[in-house]
Amino acid sequence: MKLSILDRSRTRRGAPDSAALTGTIERAMHAEHLGFHRFWVAEHHAVPGIASGSPPVLLAALGARTARIRLGSGGVMLPNHQPLVVAEQFLMLEAMYPGRIDLGVGRSLGFTKPVREALRRDRNAPDTFAGDLDEVRSYLEGKGAVTARPHVTSPPPMFVLATRRGLDFAAKAGLPVVVGGPILGAPGARVPELDRYRDSFIPSAGNPSPYVIVSLEVMIAEDEDRARELLLPEAWALAQSSRTGEFPPLESVADIRGRAWTPRLREQVRVAVEALAARTGADELLASTSTFDRAALFESDRQLSLLDV
């Protein structure tokens, strides 16, 4: 199983957003040195805890500071963009960094109503994801109604960030999928949605067989207690977002432990931490780990790279 990293440019309490972006660049360089297969970045809009709102811009910077590792988006949210513009951006990246660019696409809308309004997205608007997916693909492959530029020898591969319905889109289009979250189910259990994806997969050019990437939190430390402690900042942020509707910057473990915890919040954090595990027949693991301590994060990446999977 290949090992890869998704970095969401998580902000940290007391540090400027620019430090989150610098940290992403440093982590990509570290990941390449460790031999990871790919390094992906994300798209989030107006979220205090995440500095990355434009994957193509960040990927251009990453490409300039790395030489071999594959770079991509996890992902570009197609409801927010015109298919031609997405294709042009990733064809440009492919032209600058040939053979290293991936285009991961998703169908999520903005996190809150004001963000959706700022993006000119209506939650009740018709779902055009399947058509948008086909249109982006046609431009990348030079088969669209207009010719997207620049021309490249081989278009960047596409991946679908999939929920249950997204898996059906991907199977029909013959595209690889990235799955994470509740769909992965309980440890040890089969994931019937992935079985259905594999069974209904229609081979396509460049994708003769189904391909599954599992995205989940992975933290490696000297013992289980320390690993759980390092996962606490992300779990705390998730619990806070469910209470306030706003996903906050990461805080240190010491600051979190010093706060007053209500029983409800303690239960939310416990559930969030315990949910950070899953079992599937994946082809690739995309580690989406975040923690306040950057040195601990880099060491966890190093330990992960040593696993023989």
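Hydrogens, waters and symmetry mates play no part in the numbers below; they use all other heavy atoms, side chains included. Numbering starts at 1 and runs along the sequence shown.
- Judged purely by atom type and a 3.5 angstrom limit, Ser138 uses its side chain to pair as donor or acceptor with the backbone of Glu135.
- Put simply, the side chain of Ser9 reaches to within 4.5 Å of the side chain of Asp7, judged on heavy atoms.
- For Met92, the CE atom counts as loosely surrounded, since its 6.0 Å shell holds 12 or fewer non-hydrogen atoms of other residues, nucleotides or ligands.
- Note: Ile101 CD1 to Leu91 CG = 11.0 Å, rounded to the nearest 0.5 Å.
- Checked by atom type, the side-chain pair Thr128/Arg107 shows no donor-acceptor distance below 3.5 Å.
- Counting only N and O atoms by type, the side chains of Thr66 and Arg100 include a donor and acceptor under 3.5 Å apart.
- Judged by distance alone, with hydrogens and angles left aside, the side-chain atoms of Thr291 form no donor-acceptor pair with the main-chain N or O of Leu231 at under 3.5 Å.
- Using bins of under 30°, 30° to 60° and over 60° for the plane-to-plane angle, the ring pair Tyr211/Phe159 lands in the perpendicular bin.
- Although no hydrogens or angles enter the test, the distance criterion places a donor-acceptor pair under 3.5 Å between the side chain of Glu32 and the main chain of Ala67.
- Exactly one of Asp102, Asn207, Leu140, Leu103 qualifies for a side chain to side chain contact (heavy atoms under 4.5 Å, CB included) with Pro157. That residue is Asp102.
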Would you list the atom pairs, donor with acceptor, under 3.5 Å between side chains in residues 166-176 and any protein atom, with sequence neighbours excluded?
residue: Asp168; atom: OD1; partner: Arg196; partner atom: NE; Å: 3.1
residue: Asp168; atom: OD1; partner: Arg196; partner atom: NH2; Å: 3.3

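- Contact check on Asp255 versus Arg13 returns no salt bridge, with no Lys/Arg side-chain nitrogen under 4.0 Å from an Asp/Glu carboxylate oxygen.
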Next on the checklist: Checking Phe292 against Trp236 for the ring pair (Phe, Tyr, Trp, His ring centres under 6.0 Å) test, could you report, in this order, the C-alpha distance in whole Å, the side-chain angles of both residues, the deciding distance, and whether it holds?
Outcome noted: CA-CA 11 Å; Phe292 185 88; Trp236 173 266; over 10 Å; no
